[in-house]
Amino acid sequence: MDFWPEFLGSSWGREFVAGGVGGTAGVLAGYPLDTVRIRQQHSSEGSAFAILRRLVAVEGPSALYRGMVAPLASVTFQNAIAFQTYAILSRAFDTTTAAKDPPSYRAVALGGIGTGAIQSLVLSPVELIKIRLQLQKTNQTIHHTGPLTLTRSIFQTQGWKGIYRGLFITILRDAPAHGAYFWTYEYMREKFHPGCRKNGNEGFRTMLLAGGLAGVASWICCYPLDVIKTRIQAQVGPHSCHGIVDCFRASVEREGYCVLWRGLGTAVARAFVVNGAVFTAYEMALRCIYIRQ
């Protein structure tokens, strides 16, 4: 009977619940655009609108949500790790600031970089499963019905190495991206609502805009790495590509340097929607928890 009050009374419990609420809101808000982005990155099927129209016409609207179970199932744990790790690291990198004051922007950026690297250990296999399911077509010879059957298949044929394919490039992408992500959010919310980093009284619009801009900044700074990561993790066999440099060289030779930015418009649009939803839901959930206490 006393579990929830005690759980929500701890910093970890509050971050876990609020992170889960924020992450779920983000997945639901942006998943269709994420499916379109992945298809743009993986092949030259045309514009985002052309891919969207063809996908819905050939495979139905449900194809836009294919593979959503994997990130949805892990998002609470993943975001709890991200926000709690960020809270700890941002304080660890700024020992001179009083606990009642917000950490410096330098500590915010360094905390974000560390958070991105640590979170990649959870995110990399989840994204691999998600990408494989998003690119799966209904007429394929081997058709996986969901994340569990696909995960089992990868384990049976490739083991842990197959599940963690693309881990290093995920770390290379997420470490700087999360540094830009948290720094932009903290900087922009303070610009939109001076003093809010200390008193936490910013409004809904401030949270939405600051979160959206943070998402856009994080994607722009790491997008070429994300394209290569998608192509590495989308491969179903070990012989198509021999690492990051080989995949980069092969992609550029076949399709030019513009391939590294393919789908950026879709990613930016999705990032604004998703991260605006994430931070807004996260902050609102924290406020509700504090009010109930």
State, to 0.1 Å, how close Ser218 and Gly215 come at their nearest heavy-atom pair, and which atoms those are. OG-O, 2.8 Å
Linked, directly or transitively: Val252 and Val227 (ILVMFWY side chains, under 4.5 Å): yes
Would one find more than 12 heavy atoms of other residues, nucleotides or ligands at under 6.0 Å from atom OH of Tyr105? yes
Counting N and O atoms only, with roles assigned by atom type, does the side chain of Arg189 sit under 3.5 Å from a partner on the main chain of Arg197, one being a donor and the other an acceptor? no
Can you name the residues that form a ring-ring contact (aromatic ring centres under 6.0 Å, His included) with Phe155, not counting sequence neighbours? Trp160
Does Thr35 reach the main-chain N or O of Leu64 with its side chain, forming a donor-acceptor pair under 3.5 Å? yes
Interatomic spacing from CG in Leu135 to NZ in Lys130 - rounded to 0.5 Å: 9.0 Å
Would a distance-only check, ignoring hydrogens and angles, find a side-chain to backbone donor-acceptor pair under 3.5 Å from Asn199 to Gly195? yes
Hey, mind stepping through Val27 and Met68 against side chain to side chain contact (heavy atoms under 4.5 Å, CB included) and telling me if it holds? CA-CA 8 Å; Val27 172; Met68 188 173 71; 3.8 Å; yes
Do Pro103 and Thr97 come close enough that some side-chain heavy atom pair is under 4.5 Å? no
Shortest non-hydrogen contact from His178 to Gly112? CB-O, 3.0 Å
Nearest heavy-atom approach of Ala70 to Ile129 is CB-CG2, 4.2 Å
Does a side chain donor of either Gln158 or Tyr164 reach within less than 3.5 Å of an acceptor in the other side chain? no
Tell me the closest heavy-atom pair linking Leu260 and Tyr223, and the distance in Å. O-CD2, 3.3 Å
When clusters are formed by joining ILVMFWY residues with side-chain heavy atoms under 4.5 Å apart, either directly or through shared neighbours, do Val126 and Ile171 land in the same one? no
Step through the shown structure and confirm whether more than 12 heavy atoms of other residues, nucleotides or ligands are within 6.0 Å of CZ on Phe192. yes
Just so I know, are the side chains of Val274 and Asp34 near enough to count as touching, which here means a heavy-atom distance under 4.5 Å? no
Please step through side chain to side chain contact (heavy atoms under 4.5 Å, CB included) for the pair Leu133 and Gln136, ending with a clear verdict. CA-CA 5 Å; Leu133 290 173; Gln136 183 174 256; 4.1 Å; yes
What class does the angle between the rings of Phe182 and Phe279 fall in, given that below 30° is parallel, 30 to 60° is tilted and above 60° is perpendicular? perpendicular
Under the 3.5 angstrom rule, does the side chain of Thr149 hit a backbone N or O of Gly146 as a donor-acceptor pair? yes
Within the 4.5 Å heavy-atom criterion, are Phe272 and Leu213 side-chain neighbours or not? yes
Measure from the side-chain N and O atoms of Thr115 to the backbone N and O of Tyr86, and report whether any donor-acceptor pair falls under 3.5 Å. yes
Residues at least two apart in sequence or cross-chain that pass side-chain contact (heavy atoms from CB on, under 4.5 Å) with Thr170, listed by chain then number, are Ser120, Ser124, Arg173, Asp174, Lys229, Gln233
To the closest 0.5 Å, what do you measure between CZ (Arg66) and CD1 (Ile38)? 13.5 Å
Under a 3.5 Å distance rule, please check whether Thr184 uses its side chain to pair with a backbone N or O of Tyr181 as donor and acceptor. no
dist Leu89:CG -> Phe93:CZ (nearest 0.5 Å) comes out at 5.5 Å
Take Leu121 and Leu167 through the test side chain to side chain contact (heavy atoms under 4.5 Å, CB included) and record every step on the way to the result. CA-CA 7 Å; Leu121 298 173; Leu167 172 62; 4.2 Å; yes
Quiz question: by atom type and distance under 3.5 Å, do the side chains of Asn275 and Tyr185 form a donor-acceptor pair? no
Would you say that more than 12 heavy atoms from the other residues, nucleotides or ligands in this model lie under 6.0 Å from the CZ of Arg106, or not? no
Any chain of hydrophobic side-chain contacts (each under 4.5 Å) joining Leu33 to Ile51? no
Student check: side-chain heavy atoms of Arg231 and Val259 closer than 4.5 Å: yes
Let me confirm one number: the OG-CZ distance from Ser104 to Arg91, rounded to the nearest 0.5 Å. 9.5 Å
Residues, nucleotides or ligands: over 12 heavy atoms within 6.0 Å of Met284 CE: no
Got a sec, which residues hit salt bridge (charged side-chain N to carboxylate O under 4.0 Å, His left out) with Lys191, two or more places apart in sequence or on another chain? none
Residue pair Ala281 / Gly22: nearest heavy atoms and the distance that separates them: CB-CA, 3.8 Å
List the steps and the verdict of side chain to side chain contact (heavy atoms under 4.5 Å, CB included) for Glu202 and Met207. CA-CA 7 Å; Glu202 72 269 36; Met207 289 185 284; 3.7 Å; yes
May I ask you to test the Gln235-Arg165 pair for a side-chain heavy-atom distance under 4.5 Å? yes
Does Tyr65 have more than 12 heavy atoms from other residues, nucleotides or ligands lying within 6.0 Å of its OH? no
Tell me whether Ile163 is reachable from Ile169 by hopping between hydrophobic residues (I, L, V, M, F, W, Y) whose side-chain heavy atoms are closer than 4.5 Å. no
What distance separates Leu264 CG from Gln41 CD, expressed to the nearest 0.5 Å? 9.5 Å
Count I, L, V, M, F, W, Y as connected when their side-chain heavy atoms are under 4.5 Å apart, and connections chain through other members. Are Leu123 and Ile232 then in the same cluster? no
Euclidean distance, Asp226 CG relative to Cys221 SG, rounded to 0.5 Å: 10.5 Å
Where is the tightest heavy-atom contact between Glu190 and Cys196, given as atom of each residue plus distance? OE1-N, 3.6 Å
N/O donor-acceptor pair under 3.5 Å between Thr280 side chain and Ala277 backbone: no
